[in-house]
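Atom set for the values below is all heavy atoms of this structure, side chains included, hydrogens, waters and symmetry mates excluded. To find a chain, count down the sequence lines: A is the first, B the second, and so on, and within it residues start at 1. A quick note: this is a predicted structure, and the numbers were derived from the prediction, not measured.
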Amino acid sequence: MIRDDLRRILEEAVAQAQASGDLPEIASPDVMVERPSSGSHGDYASPVALKLARAARMSPMAIAGAITAKLEPPPWVAAVDVAPPGFLNFYIAPHWLAQQVEAILAAGSDFARVDVGGGRPVQVEFVSANPTGPLHVGNGRGAALGDSLARVLDKAGYQVQREYYVNDAGSQMEMFNASVYARYAQHLGAAEELPAGGYPGEYVSDIAAAIAETNGRRFLEMDPSDAKVALGRLGVEMLLDQIREDLALMDVHYDRWFREQSLYDNRKVDQALQMLSEGGHVVEREGAVWFASASLGDERDNVLVRSNGLPTYFASDVAYHYDKFIERGFDTVIDVLGADHQGHVPRMKAVVGALGVESHRLVMLIYQLVNLVRQGRPVAMGKRSGEFVTLREVLGEVGPDAARFFLVGRSPDAMMEFDLDLAKAQSDVNPVYYVQYAHARMAGILRHAEGTDFRDGDPTLLSDPSELTLIRKMLELPEIVADAALALEPHPLPHYAQELATEFHTFYDRCRVIGDDPDLTKARLKLVAACQVALATTLDLIGVGAPDQM
RNA sequence: GCCCCCGUAGCUCAGUGGACAGAGCAUCGGACUUCUAAUCCGUUGGUCGGCGGUUCGAAUCCGCCCGGGGGUGCCA
């Protein structure tokens with residue numbers, strides 16, 4: 001990565017200047033190298049001299065001069081400027097820049113692979129919506145965010161595992177069981193009311209009807225409480241199949257679907273509570289069992305076992321995270337959660353600490369909720385309210401690629417307003433099509449040049465400003481990947497994809513690829529092929545398709 | 001009340017304490033006999049919610065206020 005190489009070179013120069021006495025021996029801050037916003041400030045720039053000014057008691061310009069005097073720039077750096085008030089500006093040699101086309105082509109699908117993770121095992125758990133109803137757009141945001149993050153981490157050298165936690169136990173499940181039972185009985189003509197607090201959604205009736213089709217009346221002839229459990233299980237499996245299909249539409253696939261119920265079946269919940277108890281983190285009060293999180297930084301204690309003897313969701317989550325960290329040995333665990341779960345964060349951080357795991361190894365990544373809007377009016381959401389627009393409907397309306405591009409591209413911290421009519425109306429001017437069109441154009445050119453062997457093309461013939469600008473943009477991708485992996489934020493990728501597409505379209509407009517000059521044609525074909533690698537790589541990280549024609 | 005997130009162009013949003021704050025859409029004006037015009041070039045558009053503070057330097061960090069969203073002792 002160019003940026004890291006420059007950083008090392010600068011650090012070395014600072015050390016040299018200090019050794020020779022040109023700079024005082026002060027603790028130097030992290031040397032920053034960035035891409036200047038203005039093209040007139042070089043390809044890369046560092047404000048390190050400005051940072052050092054105060055501690056060194058020298059003017060930034062003098063420091064910059066002292067650093068450049070010791071700087072040993074590699075051949076690919078064409079020039080280093082000092083610009084007031086003290087910036088160091090680096091200019092990359094165009095000749096070297098052009099040669100990088102070969103490097104990108106050679107890397108192929110490994111382009112932009114960087115080693116941030118060092119092979120450490122990381123788990124990304126995301127979506128994990130209760131299997132008591134279909135997915136909605138908010139779940140779609142979690143899916144897009146979690147999956148793209150997993151793709152980025154994989155690219156950045158982590159060993160990534162994607163997991164969906166299936167909440168198939170607990171009180172919500174009992175309510176779901178009873179709801180399916182009621183609809184099932186109603187479907188077969190029995191007088192059975194949906195219980196108070198039950199799931200009123202029409203899909204429950206659909207599930208019940210489907211079960212009645214294949215199983216007949218046999219669940220009415222069983223003990224009702226057994227029947228509820230049995231029907232609920234069938235219903236959960238049907239919904240999980242739907243959820244799997246919805247996620248597959250978005251090209252989201254998991255390594256493991258982890259059942260909450262398994263933690264009860266294997267007595268892992270009991271063991272986890274026992275462990276917390278032995279650590280002195282459990283208190284009994286008002287007939288309930290509490291996790292003493294108030295003494296570990298949380299605002300208050302949290303209930304593990306209700307006064308009615310039933311464990312809470314929190315209790316099984318303790319066991320779940322014990323399993324993640326201790327039994328499966330993940331170095332870092334990332335839980336992607338909607339903002340409505342933010343109250344879960346402090347107590348889970350406290351729990352992993354109580355289990356002897358450094359709490360920074362658990363990252364609770366919170367994304368703000370999605371407000372679905374139709375014709376300027378908010379659409380009511382929530383499985384328990386019964387009426388909502390499903391993720392599948394949204395994917396059908398705006399398309400999976402547009403939805404993912406949109407969902408990945410927003411900062412998780414920013415609230416999102418998803419206007420269905422707007423999304424539909426803008427579908428043909430959606431940035432995702434602009435980007436995909438760039439890829440299709442590249443493929444079209446290469447298709448047109450079939451039969452032309454350009455393996456011996458010489459990229460150093462590329463000298464048009466639009467060509468060099470395009471190459472610079474391509475070489476930015478490894479930096480974007482590294483930053484996204486470190487910050488756990490994939491949202492710069494769609495932004496970058498658009499910039500890359502823009503530079504390509506500009507190049508296309510300025511430069512005829514297949515022309516009269518056979519050498520230049522070959523060089524440009526190489527550029528197009530390399531650019532296709534860069535763009536396809538980017539689109540893959542976002543999780544949208546890279547079409548060869550549109 | 002307390003805790004978390006947000007407030008940047010008409011709209012949707014980018015913007016690791018650095019150089020004159022950016023992109024897309026929308027507006028307006030140009031460019032196709034071409035490897036795809038789903039494109040390109042130009043134009044209009046800003047008290048970065050407000051007021052203080054820290055700093056050589058603040059959209060970015062801190063405090064207070066205003067506005068929006070979420071959470072808040074036995075739901076998940």
Side-chain angles (χ1 to χ4, degrees), chain A residues 30 32 34 36-38 40-41 45-47 50-51 53-54 59-60 83-87 89 128-130 132 167 170-173 175 197 285-290 294 298-308 310-314 317 337-346 366-369 371 383-384 406 409-417 419 422-423 426 428-431 433-438 440-449 483 486-487 489 491-492 494-496 498-499 501-502 504-515 521 524-525 528 549-550:
Chain A
D30 286 342
M32 287 176 37
E34 60 200 8
S37 50
S38 163
S40 60
H41 300 306
S46 177
L50 295 159
K51 297 275 184 212
R54 167 172 278 264
S59 80
F87 288 99
N89 295 331
S128 299
N130 284 358
T132 54
N167 297 115
S171 57
Q172 286 309 314
M173 192 49 52
M175 194 54 78
R285 191 196 316 146
E286 299 161 25
V289 177
W290 301 70
D298 197 358
E299 287 178 2
R300 64 184 156 276
D301 294 348
N302 288 279
V303 173
L304 290 161
V305 183
R306 301 181 183 88
S307 48
N308 64 8
L310 293 175
T312 60
Y313 159 85
F314 179 46
D317 225 14
L337 301 169
D340 53 338
H341 287 69
Q342 64 181 249
H344 200 45
V345 174
I366 300 292
Y367 61 88
Q368 298 301 307
L369 299 179
N371 290 318
K383 292 187 179 77
R384 281 169 249 175
F406 181 71
R410 302 294 182 271
S411 162
D413 286 338
M415 198 175 57
M416 267 176 65
E417 198 162 274
D419 189 318
L422 204 62
Q426 288 187 344
D428 57 337
V429 289
N430 191 305
Y433 299 113
Y434 174 85
V435 174
Q436 288 184 318
Y437 179 59
R441 259 188 165 173
M442 296 170 202
I445 293 168
L446 295 174
R447 216 180 298 127
H448 201 260
D483 288 349
L486 286 169
E489 290 182 340
H491 71 267
H495 197 74
Y496 169 78
Q498 196 162 345
E499 289 176 349
T502 294
F504 174 76
H505 285 311
T506 300
F507 155 74
Y508 177 92
D509 190 65
R510 295 279 304 277
C511 300
R512 175 82 197 176
V513 176
I514 301 167
T521 295
R524 286 184 172 161
L525 283 171
V528 172
Q549 48 190 328
M550 290 177 71

Under 4.0 angstrom, heavy atoms only, what part of the nucleic acid is [X] near: base, sugar-phosphate, or nothing?
{"X": "A/Ser307", "answer": "base"}
{"X": "A/Ala487", "answer": "nothing"}
{"X": "A/Arg510", "answer": "nothing"}
{"X": "A/Gln436", "answer": "nothing"}

Checking A/Thr502 against A/Tyr434: is there a side-chain donor and acceptor pair closer than 3.5 Å? yes

Could you check which nucleotide pairs with [N] in any of the strands shown, counting Watson-Crick or G-U wobble with both distances under 3.5 Å?
{"N": "B/rA23", "result": "B/rU12"}
{"N": "B/rU72", "result": "B/rG1"}
{"N": "B/rU43", "result": "none"}
{"N": "B/rC61", "result": "B/rG53"}
{"N": "B/rA37", "result": "none"}
{"N": "B/rG7", "result": "B/rC66"}

Whether [X] contacts [N] is assessed here as follows: a side-chain N or O lying under 4.0 Å from the phosphate OP1 or OP2. Is that the case?
{"X": "A/Tyr508", "N": "B/rU34", "answer": "no"}
{"X": "A/Arg300", "N": "B/rC74", "answer": "no"}
{"X": "A/Thr312", "N": "B/rC75", "answer": "no"}
{"X": "A/Thr506", "N": "B/rU39", "answer": "no"}
{"X": "A/Tyr434", "N": "B/rC40", "answer": "yes"}

Counting side-chain heavy atoms from CB outward, which of [options] is closest to [X]?
{"X": "A/Arg306", "options": "B/rG24, B/rU39, B/rC75", "value": "B/rC75"}
{"X": "A/His505", "options": "B/rC40, B/rG24, B/rG70", "value": "B/rC40"}
{"X": "A/Val513", "options": "B/rA19, B/rC35, B/rC74", "value": "B/rC35"}
{"X": "A/Arg441", "options": "B/rG71, B/rA37, B/rA19", "value": "B/rA37"}
{"X": "A/Asn89", "options": "B/rC74, B/rA19, B/rG57", "value": "B/rA19"}

Any donor-acceptor pair under 3.5 Å joining the side chain of A/Asp509 to the base of B/rA37? no

Using the [atom1] atoms only, state how far [M] lies from [N], rounded to an integer number of Å.
{"N": "B/rC75", "M": "B/rG70", "atom1": "C1'", "value": "16 Å"}
{"N": "B/rG7", "M": "B/rC48", "atom1": "P", "value": "14 Å"}
{"N": "B/rA26", "M": "B/rU39", "atom1": "P", "value": "10 Å"}
{"N": "B/rC25", "M": "B/rG67", "atom1": "C1'", "value": "26 Å"}
{"N": "B/rU47", "M": "B/rA59", "atom1": "C1'", "value": "13 Å"}
{"N": "B/rA31", "M": "B/rA9", "atom1": "P", "value": "33 Å"}
{"N": "B/rG24", "M": "B/rG42", "atom1": "P", "value": "10 Å"}
{"N": "B/rG46", "M": "B/rG69", "atom1": "P", "value": "28 Å"}

Calculate the interatomic distance between [X] atom [atom1] and [N] atom [atom2]; express it in whole Å.
{"X": "A/Glu299", "N": "B/rG70", "atom1": "CD", "atom2": "P", "value": "18 Å"}
{"X": "A/Asp483", "N": "B/rG15", "atom1": "CG", "atom2": "C1'", "value": "13 Å"}
{"X": "A/Met32", "N": "B/rG17", "atom1": "CE", "atom2": "C1'", "value": "8 Å"}
{"X": "A/Asn430", "N": "B/rU39", "atom1": "CG", "atom2": "P", "value": "11 Å"}
{"X": "A/Leu50", "N": "B/rG18", "atom1": "CG", "atom2": "P", "value": "11 Å"}
{"X": "A/Leu525", "N": "B/rC35", "atom1": "CG", "atom2": "P", "value": "14 Å"}
{"X": "A/Tyr496", "N": "B/rG15", "atom1": "OH", "atom2": "P", "value": "17 Å"}
{"X": "A/Asp298", "N": "B/rC74", "atom1": "CG", "atom2": "C1'", "value": "15 Å"}

4.5 Å side-chain heavy-atom contact, [X] and [Y]:
{"X": "A/Met32", "Y": "A/Pro47", "answer": "yes"}
{"X": "A/Val303", "Y": "A/Phe314", "answer": "no"}
{"X": "A/Met416", "Y": "A/Phe406", "answer": "yes"}

What's the base orientation of B/rC32: syn (chi within 90° of 0) or anti?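 Here the answer is syn: the torsion falls within 90° of 0.
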
Could you tell me the separation between the CG atom of A/Asp340 and the OH atom of A/Tyr367, rounded to the nearest 0.5 Å? 7.0 Å

Are the side chain of [X] and the backbone N or O of [Y] linked by a donor-acceptor pair below 3.5 Å?
{"X": "A/Thr521", "Y": "A/Ile514", "value": "no"}
{"X": "A/Gln342", "Y": "A/Ala339", "value": "yes"}
{"X": "A/Thr312", "Y": "A/Val305", "value": "no"}
{"X": "A/Arg306", "Y": "A/Pro311", "value": "yes"}

Pick the nucleotide of RNA chain B nearest each of A/Arg285 and A/His341; which residue has the one closer to the 5' end?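 Nearest-nucleotide comparison on RNA chain B picks A/Arg285.
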
5'-most by nearest nucleotide on RNA chain B - A/Ala438 or A/His344: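 This one resolves to A/Ala438.
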
Shortest non-hydrogen contact from A/Ala45 to A/Pro36? N-CD, 3.9 Å

What string of B, S and - do you get for nucleotides 4-14 of chain B 5' to 3' if you count protein non-hydrogen atoms under 4.0 Å? BSS-----SSS

A/Arg441 charged N/C atom sitting above A/Tyr508 aromatic ring, 6.0 Å / 45°: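 Judged by the rule, A/Arg441 and A/Tyr508 form a cation-pi pair.
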
